[in-house]
Q: 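Following this message is one structure expressed as structure tokens.
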Number of protein chains: 2
Amino acid sequence: MIESVKKACYIISCFSSEEPVLGNAEIAGKLGMSPSTTHHLISTLCNEGVLMRDKDRRYRLGWKLLEWNNNVMFQQDIYDKAIPLVKDLISRFIGTAHIGMFDKGEVVFVLKISSQEASPIHTYIGSRKPAYATSTGKVLLAYNNDYLKETIERGLSQQAPNTITNIEKLKEDLKKVRDVGYSISNNENSTGTYAIAAPILSYSGKTIAAVNLAGPVSYMQGSNQHMIRQSVIKTADSISKELGYIEV
Amino acid sequence: MIESVKKACYIISCFSSEEPVLGNAEIAGKLGMSPSTTHHLISTLCNEGVLMRDKDRRYRLGWKLLEWNNNVMFQQDIYDKAIPLVKDLISRFIGTAHIGMFDKGEVVFVLKISSQEASPIHTYIGSRKPAYATSTGKVLLAYNNDYLKETIERGLSQQAPNTITNIEKLKEDLKKVRDVGYSISNNENSTGTYAIAAPILSYSGKTIAAVNLAGPVSYMQGSNQHMIRQSVIKTADSISKELGYIEV
DNA sequence: AAATAAGTTTCATATTATGAAATTTATAAC
DNA sequence: GTTATAAATTTCATAATATGAAACTTATTT
């Protein structure tokens, strides 16, 4: 492992929505590194456009990241194909739809689209949640034993009132997911939020992602509960078909 | 400058929409580096989630970039505030709207939204164009002498039939932009494309970005030419107000 | 089954990053 | 306007680390 590259990554990760602008000393302090080392790294990153130097000699994330990000999107053909289908889903209900993929024991949201009237929800494109505590994550765990193994190794911890923290209970829940073909998260990840997710299959039949619809418990369990469930499943199936999966 | 960090950046930049998946040897070849060196760097980047290792031992861009990108967005409050206003703009015409900002002699597109029926255009979020050859770029040059100086130093080259390649002619054009408050690019950047841009001002009155509408020459110069111009200017003004700029 | 090509690992060496200290720059206090 | 303070930046000798040739492993093709 190349240390300076690792350190450069840590520096980039220091920036967040809460702290979009940082000085050299702040960064050095956060990472426990010498200010001169961070300065060398920061200068390099500025030169590459990964960071930008402000007039008052502080730093922010640079445009290079926009460029790179764009190519992340491009390469995931799931992305282009899914957007119109997910838009169609949220046009028919009130809530927020996500597409999640598994990475290192967590679910990463690669897409998030909300309907106009949706109540805000604490996720964003690129953000992560423990897989076992989300509807999308549980779908991915239900159909990928490797993912489940990795998740168990990392341990389960309470995220919200109903988070499943027991391995046996989780396995039971995942069996249920496989039986019905969708997963539900009811107050498992964020208090007051209910979500329902269904699997997206690649041409080879592997569950590579999951799409969900999330909203307030009251709305999601309301009168059109059944319709929401059918729509989420239909959306997932349509995306799978777009990706070349042929139902058997 | 820290060499390994620079090299890591080059590796990330190897990936594109045309080549989303690359092997170690390919990357080493592209960059003229030894495969073992690139492998060390690639492994590190994989560990950090910047790259991902495919099943067939090839590599693609990783989720970390999504995470980082998100924070680039967050920090530019211009982004959140502008989106609804730009959406409103494209809803009334057929074309593609951009917001561009200046960086190192070029305009970087930080936002791109197209109306449903818009003809495709060769830009994407994060992509760059020479400032002097675009409507957004010329707005930024017209109101920022530093930008102009930097641009002139880098030289002007023909991009499309009408690109301004003469410094004096460029200065005249920029004067006109200041006089009328908007800029036009007619076949200056891409053949067949006509765009009109107006300045976005920060609370302090500095021109920090430009918004444009681009489309086929025939449409943009058609009957609602005047209305388009007024709408672009109005959109720019509204965004400026959102950013705290108070007209004098 | 052999051949080929690419990915990966190892390790001695040369290169390069490191951090203490000095210097410069900007900001705050007087 | 001067001094004080804090942070950013630069320098440079030294310690740490990246480098690439070569060996090895894995996968694919003939």
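Only a predicted model underlies this, so the values are computations on that prediction, with no experimental measurement involved. For the numbers below, each heavy atom of this structure counts, side chains included, while hydrogens, waters and symmetry mates do not. Chain letters run A, B, ... following the sequence lines, proteins first, then strands; residues in each count from 1.
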Q: Check step by step if side-chain contact (heavy atoms from CB on, under 4.5 Å) holds for Phe102(B) and Ile208(B).
A: CA-CA 8 Å; Phe102(B) 190 88; Ile208(B) 52 163; over 6 Å; no
Q: If you pin His40(B) and Asn24(B) to their nearest nucleotides in DNA chain C, which one's is more 5'?
A: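 Whichever sits nearer the 5' end wins; that is Asn24(B).
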Q: State whether the side chain of Lys138(A) and the backbone N or O of Val177(A) hold a donor-acceptor pair below 3.5 Å, judged by distance alone.
A: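 No; judged by distance alone, with no hydrogens or angles, the pair does not exist.
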Q: Assess whether a salt bridge exists between Lys169(B) and Asp173(B), defined as any Lys/Arg side-chain N lying under 4.0 Å from an Asp/Glu carboxylate O.
A: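 The answer is no: the pair does not qualify as a salt bridge.
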Q: Spell out, as yes or no, whether a donor-acceptor pair under 3.5 Å connects the side chain of Ser43(A) to the backbone of His39(A).
A: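 Such a contact is found between Ser43(A) side chain and His39(A) backbone.
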Q: To the nearest Å, give me how far apart NZ (Lys6(B)) and P (dT16(C)) are.
A: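 Between P of dT16(C) and NZ of Lys6(B): 10 Å.
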Q: So, is Lys7(A) close to the dT18(C) phosphate, meaning a side-chain N or O under 4.0 Å from OP1 or OP2?
A: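 Yes, such a contact exists.
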Q: Name the one of Ser185(B), Ser183(B), Ser135(B) that satisfies side chain to side chain donor-acceptor pair (under 3.5 Å) with Asn212(B)?
A: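 The side chain to side chain donor-acceptor pair (under 3.5 Å) with Asn212(B) is passed solely by Ser135(B) among Ser185(B), Ser183(B), Ser135(B).
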Q: Can you tell me how far C1' of dA18(D) sits from CD1 of Ile11(B), to the nearest Å?
A: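 From Ile11(B) CD1 to dA18(D) C1': 13 Å.
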Q: Does Tyr59(B) have a side-chain nitrogen or oxygen under 4.0 Å from the phosphate oxygens OP1 or OP2 of dA6(C)?
A: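 No, no such contact exists.
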Q: How close or far is atom P of dT18(C) from atom CD of Glu3(B), stated in whole angstroms?
A: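 Interatomic distance, CD of Glu3(B) to P of dT18(C): 13 Å.
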Q: Measure from CG on Leu41(B) to P on dA17(C) and round the result to the nearest Å.
A: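 So the CG-P distance, Leu41(B) to dA17(C), works out to 11 Å.
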Q: If you take atom types as modelled and just measure distance, does the side chain of Ser36(B) reach the base of dA21(D) with a donor-acceptor pair under 3.5 Å?
A: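 Yes, the side chain and the base share a sub-3.5 Å donor-acceptor pair.
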Q: Roughly, in whole Å, what's the span from CD in Glu26(B) to C1' in dT8(C)?
A: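 About 16 Å, once rounded to whole Å.
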Q: Can you work out whether Arg57(B) or Ser4(A) has the more 5'-proximal nearest nucleotide on DNA chain D?
A: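 On the 5' side of the pair lies Ser4(A).
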Q: Any side-chain N or O of Arg53(A) under 4.0 Å from OP1/OP2 of dT9(D)?
A: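 Yes, Arg53(A) has a side-chain N/O under 4.0 Å of OP1/OP2 on dT9(D).
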Q: Rounded to whole Å, how long is the line connecting atom CD1 of Ile2(A) with atom P of dG20(D)?
A: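 Distance check: Ile2(A) CD1 to dG20(D) P gives 10 Å.
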Q: Can you tell me if Thr37(A) touches the phosphate of dG19(C), counting only side-chain N or O atoms and a distance under 4.0 Å to OP1 or OP2?
A: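 For Thr37(A), the contact criterion (side-chain N or O under 4.0 Å from OP1 or OP2 of dG19(C)) is met.
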Q: Between atom CG in Leu45(A) and atom C1' in dT9(D), what is the gap in whole Å?
A: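 After rounding, the gap between these two atoms is 16 Å.
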Q: Hey, does the side chain of His39(B) come within less than 4.0 Å of dT8(C)'s phosphate (OP1/OP2), counting only N and O?
A: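 For His39(B), the contact criterion (side-chain N or O under 4.0 Å from OP1 or OP2 of dT8(C)) is met.
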Q: To the nearest Å, how far apart are Leu31(A) CG and dA17(C) C1'?
A: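 Rounding to the nearest Å, CG of Leu31(A) and C1' of dA17(C) are 16 Å apart.
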Q: If you check every side-chain atom of Ser34(B), which of dT8(C), dG20(D), dT9(D) has the closest atom?
A: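 Comparing dT8(C), dG20(D), dT9(D) against the side chain of Ser34(B), the answer is dG20(D).
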